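Presented below is the structure to which this report refers.
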Amino acid sequence: GVPAGFIGTHDDGSIGLLEILPEYRKMGLGTILELSMINHRLASGHIPYGQVEEDNAKSLMLQKKVGLEVSSDRICWNFNHKADF
């Protein structure tokens, strides 16, 4: 009955934002959320994908566990913008 974590998509449609609160980790909830989002994306007619930093071993292991493949191609992000607050 209480939130244990969340998952979402980025503006480009990639799966991400996965977070499990510390007290709920090691219970398989990350896998459940990831598979749920994959199924949601497929049901919506989209190809599920995510972007994972190369040194994020836990996330890469989760991607492989749920059946996703790691591409040999790389993406570079550029955060060269200033927010007007």
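Remember, predicted model here, so these are calculated numbers, not experimental data.
Remark: the backbone N or O of H46 is not paired with any side-chain donor or acceptor of S44 at under 3.5 angstrom. Listed for the N39 side chain is a donor-acceptor partner under 3.5 Å among the backbone atoms of L35.
Residues Y24 and L18 share a hydrophobic cluster, clusters being chains of Ile/Leu/Val/Met/Phe/Trp/Tyr side chains in contact below 4.5 Å. Both V2 and M27 sit in one connected hydrophobic cluster of ILVMFWY residues. Membership requires side-chain heavy atoms under 4.5 Å apart, directly or through other members. Criterion: ILVMFWY side-chain heavy atoms under 4.5 Å apart, direct or through other members. Under it, I32 and L17 are not part of a common hydrophobic cluster. Follow the hydrophobic side-chain contacts under 4.5 Å out from Y49 and you never reach L60; the two are in separate clusters. In this structure, F6 is not a member of the same hydrophobic cluster as L21, with clusters built from ILVMFWY side-chain heavy atoms closer than 4.5 Å.
The side-chain hydrogen bond (donor to acceptor under 3.5 Å, both in side chains) search around S14 returns D12, not counting sequence neighbours.
Summarising the geometry of I15 relative to P48, their closest heavy-atom pair is CD1-CB, 3.9 Å, with the distance given to 0.1 Å.
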Working note: K64 + E69, criterion salt bridge (charged side-chain N to carboxylate O under 4.0 Å, His left out); need CA distance, chi angles, decisive distance, verdict. CA-CA 6 Å; K64 291 178 184 178; E69 295 181 18; over 6 Å; no
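Looking at heavy atoms from C-beta onward, R74 lies out of side-chain contact with Q51 at the 4.5 angstrom threshold. You'll find the side chain of V52 stays beyond 4.5 Å of the side chain of V70, heavy atoms only.
Going from atom CG of L62 over to atom CG of L33 covers 9.5 Å, rounded to the nearest 0.5 Å. With values rounded to the nearest 0.5 angstrom, E53 atom CD is found 12.0 Å from I75 atom CD1. To the nearest 0.5 Å, the span separating NE2 on H40 from OG1 on T9 amounts to 7.0 Å. Atom CG of N56 and atom CD of Q63 lie 9.0 Å apart (nearest 0.5 Å). With rounding to the nearest 0.5 Å, the separation of CD1 in I7 from CD1 in I20 is 8.0 Å. How far CZ of R41 is from CD1 of I47: 10.0 Å, rounded to the nearest 0.5 Å.
A salt bridge between E34 and K65 is absent, with no side-chain N of the basic residue lying under 4.0 Å from a carboxylate O of the acidic one.
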